[in-house]
Amino acid sequence: MKHTSTTTTQSDVLVIGSGIAGLFYALRVADHRRVILVTKKQTVESNTNYAQGGIASVFSDSDSFDLHVEDTLTAGAGLCRREIVELVIRDGPLLVRELMEMGVRFTESDGHLDLGREGGHSRNRIVHAKDLTGKEIERALVARARKHPRITVLEDHVAVELITQHNLRDNSSQNGGVTCWGAYVLDKEHGVVRTFLAGTTVLSSGGCGQVYLHTTNPDIATGDGIAMAYRAGATVANMEFIQFHPTSLYHPAARSFLISEAVRGHGAMLRTADGVRFMERYDTRAELAPRDIVARAIDTELKRRGDDCVYLDMTHLDPKDVTSRFPHITETCSRFGIDITKQWIPVVPAAHYVCGGVVCDIDARTSIDGLLACGEVSMTGLHGANRLASNSLLEALVFAERAARSTLAEPRSAPDPSEILPWDDSGTYNTEEWILISHNRRELQSLMWDFVGIVRSTLRLERARRRIEMLHGEVESFYKRNRVSEALVELRNLTLVARLIVDCALLRKESRGLHFTTDFPASDPALSTRDTILAADASTR
């Protein structure tokens, strides 16, 4: 571990990440606690901002909590925790209304919320803002956070490592579990690592889609929170369940732009290059089947035919209705020469969401004292083996609220700065060999796409594990010799998260939900309620 003198900042709460979970949490506690929120990029750059579909919540007279619960449990393939599912769905409508009171402008029709439908849902219940729901939520929450006198937002700050008792000047008397007191954070503008101390630290850092070659996630989705928490000694679980969104735009310049599931909910059909509609052969729900089924069906068709992509057909729908409902998708496809009202949209699956993460309880507490987690970084038990569409923003909202309640109910003080070792990068240097980082990142992403993708096998996973171990060793050696940079921190986290995904996949000797292996193609009833748990040994940090 490296340590040297840096500035130390104290607050009641440190929030890492600026998506819906982090922002909503910060706003809920800021009237009573001083909050510092650190974010890697601009505050609007997060997976929330990329969420087109919406928030699944019960608002229709033809819908019910019971129906939403059953849809969620069905999608989760036996691994959802029913009490968590019921809690999240019950609390959802009130918190969606809270967002509206905070200034979020959801799409309405005839004075009521315009409710869409997506795969796996038995009723229309997707609350949306056209096809830019996440962006609209971020806009409203960021505006309120910037105005709040007790919230300090620090952009271009990269969390490097959580601070625990291992960072105490005298940790000889520390016994028992691990406690978190903040984080070491890289201030990119000044090139220094700063110490942020807090009584409560909240991980809301999002997912890890960048571990794959093709992903709908932004560049910042590198699994930082999961990796930091695991290195600090937190328990993680169910990392094998990676959701691949069935339909990202297939175009060399599109960078896996997401074509929302709401497009299929609106009536779009999937076709092979010769025009044949194929989803009815795989599931009676056809295009509205859950994402894992649709993604595997597309993967099978591509391998069977040798094609590069399949197509979404919206040409049979009312053009004015399509452009009104999906203005962002319409405009983006148009930039790439595709008129979605007249032409089929070329699509392929891409890594989209991790259903596993840092294990937390009903109040967002992790296995590390003083560390909370909410949003995609966490594993709450809501999603099970497969996330139901648009349940992610709902989960982030509900658990941010739960985390805020637990924070306000249990006041915690930051430690005395004199007790904490400062960051030390003495003896390190700035190398010119950054090509090693970019090369290793591309190699890792290709490796994960080829061997740990939609369809897996034990042979592929074991090969991936061996190569990831080599990459992990190279990166750790590079990390110890060099001063930290954003690219190095991200690569270090990606290699660890990749290893966690593979380890969990190797432990699950069955196919369930998002995890499909050719060696165990059936589900094992004995594993129907068993999570894949990985408990870290913080002494190896």
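- For the pair I242/L514, no side-chain contact is recorded, criterion being any heavy-atom separation below 4.5 Å from C-beta on.
- Residues satisfying the side-chain hydrogen bond (donor to acceptor under 3.5 Å, both in side chains) test with R123, not counting sequence neighbours, are none.
- Ionic pairing of E510 and R530 is not present here: no N-O contact between side-chain nitrogen and carboxylate oxygen is shorter than 4.0 angstrom.
- Screening residues 93-104 for side-chain hydrogen bond (donor to acceptor under 3.5 Å, both in side chains) gives R28-E98 as the qualifying pairs, with residues at least two apart or on separate chains.
- A salt bridge (Lys or Arg N to Asp or Glu O under 4.0 Å) check over residues 70-79, counting only residues at least two apart or in different chains, returns the pairs E70-R82, D71-R125.
- Residue pairs that meet the side-chain hydrogen bond (donor to acceptor under 3.5 Å, both in side chains) test with at least one member in residues 197-209, sequence neighbours left out, do not exist here.
- Classification of R139 and E136 as a salt-bridged pair holds, one side-chain N sitting under 4.0 Å from a carboxylate O.
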- Message: Applying salt bridge (charged side-chain N to carboxylate O under 4.0 Å, His left out) to R512 and E240, what does each step give before you reach the verdict?
- Response: CA-CA 10 Å; R512 182 178 297 277; E240 71 270 36; over 6 Å; no

For residues 54-62, tabulate all N or O donor-acceptor pairs below 3.5 Å that involve a side-chain atom, not counting sequence neighbours.
{"residue": "S60", "atom": "OG", "partner": "S62", "partner atom": "N", "Å": "3.1"}
{"residue": "S60", "atom": "OG", "partner": "S62", "partner atom": "OG", "Å": "2.9"}

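- Checked by atom type, the side-chain pair H32/D12 shows no donor-acceptor distance below 3.5 Å.
- Screening residues 383-399 for salt bridge (Lys or Arg N to Asp or Glu O under 4.0 Å) gives no qualifying pairs among residues at least two apart or on separate chains.
- R405 and D363 are not joined by a salt bridge, as no carboxylate oxygen comes within less than 4.0 angstrom of a charged side-chain nitrogen.
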